[in-house]
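Working notes for the structure below.
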Protein chains: 2
Amino acid sequence: MADEEATSIWMQPEGHERSGPGRRPGYSREQITRTAVRIADAEGVEAATMRRIAGELGTGAMSLYRYVPRRDDLFDLMIDLAMSEIELPDGPSGDWRGDLTLLARQTRAAGLRHPWLIALLTSRPTLGPHLLRVHEFALSAFNGTGLDIDDITGFAGMLNDYVHSAIRREIGWLEEARRTGLDPERWKRDYMGPYVRQVVESGAFPLFNRSVLDSRTAHLAPEERFRHGLDRILDAIAALIPSLRPR
Amino acid sequence: MADEEATSIWMQPEGHERSGPGRRPGYSREQITRTAVRIADAEGVEAATMRRIAGELGTGAMSLYRYVPRRDDLFDLMIDLAMSEIELPDGPSGDWRGDLTLLARQTRAAGLRHPWLIALLTSRPTLGPHLLRVHEFALSAFNGTGLDIDDITGFAGMLNDYVHSAIRREIGWLEEARRTGLDPERWKRDYMGPYVRQVVESGAFPLFNRSVLDSRTAHLAPEERFRHGLDRILDAIAALIPSLRPR
DNA sequence: TTCCATTTGCGTACATGGTACCTGAATGGT
DNA sequence: ACCATTCAGGTACCATGTACGCAAATGGAA
């Protein structure tokens, strides 16, 4: 065994598929990661403890450390497994708006399937292969619009920011309710509700009040809301790209 | 004592300044929160444990629970204390772009002073009074542009998303380095560096490569980079507001 | 002044988490 | 048949949030 140098998980191969002597590994990174994802989907990341994952696999907690150096690295693996579900064509179609819409919807779907994904993604700087693949596709959609690489990166970031924060809005307080143990309806009514009502009735923040009370989009289906916001971002981008502004 | 109903921290007054019988409180929420913020600024949120905060105040961990129901509520208080440092005029000046630029710079300053702020803010749905004040100012800057409340909310969100993710970019891997215990230079060189180099040299992601290698803005000072991105967002917003597009 | 209901201070204790270390079992080349 | 090598996983340690309970302080009532 080498120095166990501290480095990114993506630089440390699993090590098996070697033919020398020694006991055969009984598990695999992928198997462990899938188990962790399944638990996190159902009960939140905080339920996916080393002991719990190992228990689900019918082994002891310490066995996992033969496959994953630290729990944080397992998070990276979970993120990349979730990102791998984002299905995209090999390259851009030429219709930049269609490509980015597809990307956004796929990302939203993955974010809803794995309610922990966006939170983890936001909390740690990770660059797994599937994240790179998805990112590359986003950048490539802008290729051929005459933008330089800094503008491409900037616009792709703008879109990414929107998608992430829209997903957070959609699942944010649902997750918070689960974390605190209350069912969502009770949480909204008893936990956050009274305070928001007090703030609204105080009249101290009139525009906030209007955004709570007078919103028309608030009553749309979540998917339509997402689409509306997305279209606005894409409009904004289009308005700033000279080669796309033929008016 | 009442039912100890589970509700937002903002609905539970501190309770002191009562004149009945009973021992006088020796501490205060504000004092506790300030201590927590000081520790988190210097050593990260994970260092601001209940025991540590209490120790810093010269008392026992359990004493804090007379002032704060749960550790998560203390996070809400920390967030709002940090947000209170964002200095803004009482109302919009009429120059929407100037107002939003001021807001963005103040937010960036707070985010750099308190490297944990954006992460906490993103990870939990909180609505403290100072956050509401800041949010109301953002909304008010758009008032008078002829937008309806949904568009105002949307554009304010767009700006907010940019500011937050720009701050995250600026401090993101610095914080990660601190978390893992390595000094930043070592982290970049030994931890993430080798992997990024391998990805770049593989040539698998050409546009990612260009964004890493060919970027011109990458060599700007952080503040200028922030300003560039901000201007682009504001341009995008301006392009979509009919009453601001006299061209 | 003397009590006593009330409120704070905080030590003890427990459950839960990551993970270092170590022993024993399995494995395939010599 | 032996042995270096690798995996399985039990035990143990330390850190964390926090429930519980009792002692100390406090001010109004008697």
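Convention: sequence-line order gives letters A, B, ...; per-chain numbering from 1. Note that this is a predicted model, so its numbers are computed, not measured.
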Considering only nitrogen or oxygen atoms on both sides, find all protein atoms under 3.5 Å from nucleotides 13-17 of chain D and state each distance.
{"residue": "D:dG17", "atom": "OP1", "partner": "B:Arg71", "partner atom": "NE", "Å": "2.6"}
{"residue": "D:dG17", "atom": "OP1", "partner": "B:Arg71", "partner atom": "NH1", "Å": "3.0"}
{"residue": "D:dG17", "atom": "OP2", "partner": "B:Met50", "partner atom": "N", "Å": "3.1"}
{"residue": "D:dG17", "atom": "N7", "partner": "B:Arg51", "partner atom": "NH2", "Å": "2.7"}
{"residue": "D:dG17", "atom": "O6", "partner": "B:Arg51", "partner atom": "NH2", "Å": "2.8"}

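Here B:Glu56 pairs with B:Arg38 in a salt bridge; the nearest charged N to carboxylate O distance falls below 4.0 Å.
Judged by the 6.0 Å and 45° rule, A:Arg133 forms no cation-pi pair with B:Phe205. Judged by the 6.0 Å and 45° rule, B:Arg108 forms a cation-pi pair with B:Phe226.
Contact annotation: A:Tyr27 does not reach the phosphate of D:dA8 (side-chain N/O to OP1 or OP2, under 4.0 Å).
Computed from coordinates, the A:Arg29 CZ to D:dC7 C1' distance equals 15 Å when rounded to whole Å. Taking atom CE on B:Met62 and atom P on D:dG21, their separation rounds to 12 Å, with Å as the unit. When rounded to the nearest whole Å, the span between CD of A:Glu14 and C1' of D:dC7 equals 13 Å. Taking atom CZ of residue A:Arg66 and atom P of nucleotide C:dC22, one finds them 13 Å apart after rounding to whole Å.
For B:Trp116 and B:Asp41, the side-chain atoms include at least one donor-acceptor pair closer than 3.5 Å.
Remark: side-chain polar atoms of B:Asp73 are not paired, donor with acceptor, to backbone N or O of B:Val68 under 3.5 angstrom. No donor-acceptor distance shorter than 3.5 angstrom exists from the side chain of A:Gln106 to the backbone of A:Leu88, with no hydrogens or angles considered.
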